[in-house]
Q: 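My structure is below; once you've seen it, I'll send some questions.
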Amino acid sequence: MAQKMIPAIWLRLIVVILFTIFVAWQGMWFIAVVGALLALMSAYQLIMAYRESRK
């Protein structure tokens, strides 16, 4: 199941990173911090999905 989600997690990670850069550029720092936390959570999910798909 995790292997099927890997492309979607990559897409979500890219979108969140781009959104975070945009809002930081606009000066909305609180939203940028929230976006950075979401990017970290997506990266963690991606790592866990790759680990599970190797088993």
Side-chain angles (χ1 to χ4, degrees):
M1 181 68 174
Q3 188 175 5
K4 293 180 181 179
M5 291 301 296
I6 290 174
I9 297 171
W10 269 113
L11 179 64
R12 182 178 63 193
L13 182 62
I14 291 168
V15 169
V16 168
I17 288 172
L18 291 174
F19 175 75
T20 303
I21 291 170
F22 173 74
V23 295
W25 185 271
Q26 296 296 316
M28 295 180 271
W29 297 108
F30 179 74
I31 304 299
V33 169
V34 172
L37 291 173
L38 289 173
L40 287 174
M41 288 176 21
S42 294
Y44 176 75
Q45 286 181 331
L46 192 58
I47 291 167
M48 291 296 113
Y50 273 116
R51 282 186 185 172
E52 189 174 320
S53 69
R54 280 193 281 164
K55 290 182 180 180

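Nothing here was measured: the structure is a model prediction, and the numbers come from that model.
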Q: Rounded to the nearest 0.5 Å, what's the gap from CD1 on Ile14 to CD1 on Ile9? Could you check?
A: 12.0 Å

Q: Considering only distance and modelled atom types, tabulate donor-acceptor pairs under 3.5 Å from the side chains of residues 22-33, sequence neighbours left out.
A:
none

Q: Tell me whether Tyr44 at atom OH has more than 12 heavy atoms from other residues, nucleotides or ligands lying less than 6.0 Å away.
A: no

Q: If hydrophobic clusters are built from ILVMFWY residues whose side chains come within less than 4.5 Å, do Met41 and Val15 share one?
A: no

Q: Looking only at heavy atoms, what is the nearest atom pair of Ala49 and Ile6, with distance?
A: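 Taking Ala49 first and Ile6 second, the nearest heavy atoms are CB-CG1, 3.8 Å.
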
Q: Who passes side chain to side chain donor-acceptor pair (under 3.5 Å) against Ser42, sequence neighbours left out?
A: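 Scan of Ser42 (side chain to side chain donor-acceptor pair (under 3.5 Å), adjacent residues dropped) gives Arg12.
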
Q: Hydrophobic cluster membership, with links at side-chain heavy-atom distances under 4.5 Å among I/L/V/M/F/W/Y: are Leu13 and Val16 in one?
A: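 Per the 4.5 Å side-chain linkage, Leu13 and Val16 are not co-clustered.
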
Q: Between Leu18 and Leu40, is there a shared hydrophobic cluster once you connect ILVMFWY residues whose side-chain heavy atoms come closer than 4.5 Å?
A: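 Different clusters.
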
Q: Would you give the length of the straight line joining atom CG of Leu38 to atom CD1 of Ile17, rounded to the nearest 0.5 angstrom?
A: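 Atom-to-atom, Leu38:CG and Ile17:CD1 are 11.5 Å apart.
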
